[in-house]
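These notes are about the structure you will find just below.
The residues of the chain are indexed from 1 along the displayed sequence.
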Amino acid sequence: MKKIYFMVMLCITYISSAQTLSYNDLGVLFSKENINGTARFNAMSGAFGALGGDLSAMETNPAGAAVFLKSEFAVSLNNRTTEITSSFYGNNEITDNDYLNLSQAGGVFVFNGNNGWGRIAVGFNFSIVNDFENLWLASGNSDYAPISDFYDPTPVYGNSGGNYFENFSDGRNNKYTFTIASQHNENLFLGASLSTYDIQHYQYGYIEEYTNDGGGNDLTVTQNQELITYGDGISFNFGLISKPNENIRLGLSYQSPVWYRLSEEFIEYDVNIYENDINITNDFPSEDTFSGLNAFDYRLRTPSKVTGSFAYIFNKQGLISVDYIYKNYSNIKLSNSNFTSENQNFKTDLEGSGELRIGTEWRLDDISIRGGYHLEKSPYKNALSSDNKEGFSLGAGYKFRGGKIDFSYQKSTNTNTYNFYPQYNGINATGLNIDNSKFTATLVLNM
């Protein structure tokens, strides 16, 4: 039954599916920064732009460093649980994984000022702005097996038995922020910061296609690809917090684009062919263990970010805080090569995206109770409402002599799609339902 056409191996580069992310997908992914800081910051859904007094808040608005009354150090651990439900031609697969990270560490030193400058603060904070580690599976029958068809153009194996996919990603985008801020008189706080980034992203994509001849004979074709992207970046941020009276706080900050220098290694492995569970790949004229290796350097500019903030303080009892963040994703730009089509796609497919964060905190002696709400609009023009990331947060803290300990819980959901066969318009993309839960614990020590 071996009516397979060996000359097709010459067409491998053309027929192979784009299992890994495109440059446009990576541009959007690397432009996102998640709410991932101290437990207090997370418990209030990151709504800290007009408040300050928290190490993670310095990344939103550097003027918040001057709100600290004394020097302190903080370190945070979090545990993320991600459940991804994939849907492909009516078949659902559920994947559930847990990930533990040292998510934040930093400190701030506060000094007395003079000549109208009440306090001067110098701070440093490390955070994971994006954790890429995830695994999900998908399977179903699209009645079409594009790679297999090239190996059986007769076709003898004309019946599709289904498709199976695996997508695994790993890596992190680490952010290191250096901040200086000061209080001027009693009602104005000013700050500036410089941030550097260390980014590593790994993706593994795998496809299996099953076909048969209807008479008990099977043909299975598999292929996998790897994409490794790594590099560094830099951005700056400046902001202010105004205190019109004892109850109201107003904040405004601007974060520049992040300018990344990136390198990639893309590996496309040989197609493996199994006829009736017997590997016949070696029958094909190939001497290499993989079909291709590509190493490439390029540059990425993410969109800038503007944050407007408002907070109302209820004396010493509690507060309500609101942040609104705006980023225009159509301004993403790739350079250092011919990225004309990709840059046009950014302008055509993406738009400005707003992000709303609302948080509250209430104090009962040495105990604080916190909560928050978060809504981030998808940057894609044709996105569904369910593609927007929406969630809530809860938390509590206990203050003791010399420091405090805080805990938070965050929950968010959104949908997305992933297309393993972008060059074949007749095959649907895989639908993804993403459910994230995260617990964070932070220890704060006064210095």
Would you say [Y] and [X] are linked by a side-chain donor-acceptor pair, where the criterion is simply a distance under 3.5 Å?
X: Ser263; Y: Asp297; answer: yes
X: Tyr373; Y: Glu390; answer: yes
X: Thr281; Y: Asn279; answer: yes
X: Asn345; Y: Thr348; answer: no
X: Glu355; Y: Tyr326; answer: no
X: Thr177; Y: Ser195; answer: yes
X: Ser22; Y: Asn24; answer: no
X: Gln410; Y: Asn436; answer: no
X: Glu93; Y: Ser139; answer: yes
X: Glu275; Y: Tyr157; answer: yes
X: Gln19; Y: Tyr421; answer: no
X: Ser169; Y: Asn134; answer: no
X: Asn343; Y: Tyr23; answer: no
X: Glu208; Y: Tyr206; answer: yes
X: Asn61; Y: Ser253; answer: no
X: Ser393; Y: Ser45; answer: yes
X: Ser76; Y: Thr442; answer: yes
X: Asn212; Y: Asn159; answer: yes

Output field: ring centroids [X]/[Y] closer than 6.0 Å:
X: Tyr197; Y: Tyr260; result: yes
X: Phe178; Y: Tyr176; result: no
X: Trp136; Y: Tyr418; result: yes

Looking at [Y] and [X], is any side-chain nitrogen of the basic one under 4.0 Å from a carboxylate oxygen of the acidic one?
X: Glu33; Y: Lys327; answer: no
X: Asp435; Y: Lys411; answer: yes
X: Arg363; Y: Glu361; answer: yes
X: Lys381; Y: Asp349; answer: no
X: Asp98; Y: Arg80; answer: no

Parallel, tilted or perpendicular: ring planes of Phe439 versus Tyr409, cut at 30 and 60 degrees: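 Ring orientation of Phe439 relative to Tyr409: tilted.
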
Whether His201 and Phe30 hold their rings parallel, tilted or perpendicular, with breakpoints at 30° and 60°: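 Perpendicular, since the angle between the ring planes exceeds 60°.
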
[atom1] of [X]: more than 12 outside heavy atoms within 6.0 angstrom?
X: Asn382; atom1: CG; result: yes
X: Arg261; atom1: CZ; result: no
X: Lys399; atom1: NZ; result: no

Side chain of [X], backbone of [Y]: donor and acceptor closer than 3.5 Å?
X: Ser182; Y: Arg119; answer: yes
X: Arg370; Y: Arg40; answer: no
X: Ser412; Y: Lys389; answer: no
X: Ser353; Y: Lys377; answer: yes
X: Ser56; Y: Thr38; answer: yes
X: Asn36; Y: Ile128; answer: yes
X: Asp323; Y: Ser309; answer: no
X: Thr302; Y: Val258; answer: yes
X: Thr179; Y: Pro62; answer: no
X: Glu209; Y: Ile147; answer: yes

Test log, rule salt bridge (charged side-chain N to carboxylate O under 4.0 Å, His left out), inputs Glu342 and Lys333: CA-CA 8 Å; Glu342 287 83 359; Lys333 185 177 181 180; over 6 Å; no

Does any non-hydrogen side-chain atom of [Y] lie less than 4.5 Å from one of [X]?
X: Gln104; Y: Leu55; answer: yes
X: Glu59; Y: Lys175; answer: yes
X: Ile234; Y: Leu194; answer: yes
X: Phe109; Y: Ser71; answer: yes

Between CD1 on residue Ile35 and CG on residue Asn42, distance to nearest 0.5 Å: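 It comes to 7.5 Å.
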
CG on Leu252 to CG on Leu240, rounded to 0.5 Å: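 Leu240 atom CG to Leu252 atom CG measures 5.5 Å (nearest 0.5 Å).
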
Shortest non-hydrogen contact from Asn163 toward Tyr210: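 For Asn163 versus Tyr210, the nearest heavy atoms are N-CD1, 4.4 Å.
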
Side chain to side chain donor-acceptor pair (under 3.5 Å) between Thr85 and Asn92, worked out: CA-CA 7 Å; Thr85 303; Asn92 293 333; over 6 Å; no

